[in-house]
Amino acid sequence: MLKIENLKVHYPIRGGFFNTIKSYVHAVDGVDIEIESGKTYGLIGESGSGKTTVGKVILGLENTTAGNIIYKDTDVAKKSNRKKIAYNKDVQMIFQDAMSSLNPRRRIIDIISEPINNFENLSQEETKARVLELLSIVGMGEDVLYKYPFEFSGGQRQRIGVARAIACNPKLIVADEPVSALDLSVQAQVLNFMKKIQKDFNISYLFISHDLGVVKHMCDYIYIMYRGRIVERGTREDIYNNPQHIYTKRLIAAIPSTNIDKAKETVKIREAVEKEYQEHYNDYFDADGKVYALKKLTETHYVAMKGGEE
Ligand SMILES: Nc1ncnc2c1ncn2[C@@H]1O[C@H](COP(=O)(O)OP(=O)(O)OP(=O)(O)O)[C@@H](O)[C@H]1O
Ligand SMILES: [Mg+2]
């Protein structure tokens, strides 16, 4: 459905008296991602690895330095193409912090109506009916229509964000850390109804997170990102049961354990993974510390290592 090819985003770093470009941050440096319809994809990596930048580029909130984004046979890296194929309607985003992404001065009815007014030709009455329908999908009622975002809890705001994102029947939702700001119990609620909505409306998710634990039960397929590149990609089973890259192993070892009795064991595993990371570093990173190209292990499973082909 959506194909990202060799995506690069380099941010200029300016400095000095004349504020000239001194160097570039290679936030995204050659990333390929393929998204099929109705599936959930994880884009996982530590802070600064480039995940949000990928999401922003997909949504057109950031420009590309290089690469293609193919949707319906059209390259939407060129933003003027997006209108032609209703791309901006089909692809929506849910943010980590719904408080800052929902306009604080607008009422819920206006917030959810906005995309409907942008993309559909409905009367005022029809729009209100649609907003109510959307609210009921995310488990909310008529009583919230004329309230403001600050009157809700984090979990409720995230539901409002979801209602807004699904307002115009999107094909793909990029969800950037949608539950990171929420309590564990609320996280589960939000994830569950996101899952349900996906089934009911056949939406694809690109789920961005720094925590492999959070997305474990959500994702069909996972991309592990590090230093602006994909270090490993595979099905959920490939990644959790048979991780290959030393960085993926590190992320898996970092998943918080809920079992207190296993604390000692967890420490040992983390030490072993860290040792492996140090000892095998050169198999996975070149002399400049750059992630190698991906090498195919099976039809679904790829790992970036020495001998991978660009
Ligand atoms: N507008 C910008 N100008 C310059 N550098 C930027 C800009 N936005 C991001 N960066 C840099 O690009 C890199 C990737 O940032 P990005 O926000 O994509 O990371 P991330 O994986 O989403 O991290 P986090 O988990 O903390 O959200 C970082 O080194 C960041 O400092
Ligand atoms: Mg981010």
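Numbering of residues begins at 1 and proceeds along the displayed sequence. One-based numbering, in listed order, for ligands and for the atoms of each.
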Any N/O of Ser49 closer than 3.5 Å to an N/O of ligand 1? yes
Parallel under 30°, tilted from 30 to 60°, perpendicular over 60°: which one fits the rings of His10 and His26? parallel
The protein heavy atom nearest to atom 17 (O) of ligand 1 is Thr52 CB, 3.7 Å
Given the rule in the ring-ring contact (aromatic ring centres under 6.0 Å, His included) test, do Tyr148 and Tyr146 qualify, once you have shown the distances and angles that lead to the verdict? CA-CA 7 Å; Tyr148 291 88; Tyr146 299 101; 9.8 Å; no
I'd like to check atom 19 (O) of ligand 1 in this structure: does the protein have a heavy atom lying under 4.0 Å from it? yes
Where is the nearest protein heavy atom to atom 15 (O) of ligand 1: which residue, which atom, and how far? Thr53 OG1, 3.8 Å
Of all the non-hydrogen atoms in the protein, which one sits nearest to atom 26 (O) of ligand 1, and at what distance? Ser47 OG, 2.5 Å
N/O of Gly48 under 3.5 Å from N/O of ligand 1, yes or no? yes
Starting from atom 5 (N) of ligand 1, locate the nearest protein heavy atom and write down its residue, its atom name and how far away it is, to 0.1 Å. Tyr11 CD1, 3.4 Å
Answer with yes or no whether the side chains of His301 and Gln244 bring together a donor and an acceptor at under 3.5 Å. no
Ser113 and Asp110: side chain donor to acceptor below 3.5 Å: no
Check whether NZ of the Lys or CZ of the Arg Arg250 lies under 6.0 Å from the centre of the six-membered ring of Tyr277 and within 45 degrees of that ring's axis. yes
Name the closest protein heavy atom to atom 30 (C) of ligand 1, giving the residue it belongs to and the distance to 0.1 Å. Val25 CG1, 5.0 Å
Out of Glu177, Met225, Lys51, Arg227, who gets a non-hydrogen atom closest to atom 21 (O) of ligand 1? Lys51
Say whether Gly45, considering both its backbone and side-chain N or O atoms, lies within less than 3.5 Å of an N or O atom on ligand 1. no
Parallel under 30°, tilted from 30 to 60°, perpendicular over 60°: which one fits the rings of Phe207 and Tyr205? perpendicular
Ion pair check, Arg233 and Asp32, cut-off under 4.0 Å: no
Check whether any protein heavy atom sits under 4.0 Å from atom 13 (C) of ligand 1. yes
Under 4.0 Å, counting heavy atoms only: does Glu46 come that close to any atom of ligand 1? yes
Whether Phe285 and His245 hold their rings parallel, tilted or perpendicular, with breakpoints at 30° and 60°: perpendicular
Asp238 and Thr300: side-chain donor and acceptor closer than 3.5 Å? yes
At a threshold of 2.8 Å, where the distance has to be below it, does the Mg ion (ligand 2) have an N, O or S atom of Thr52 nearby? yes
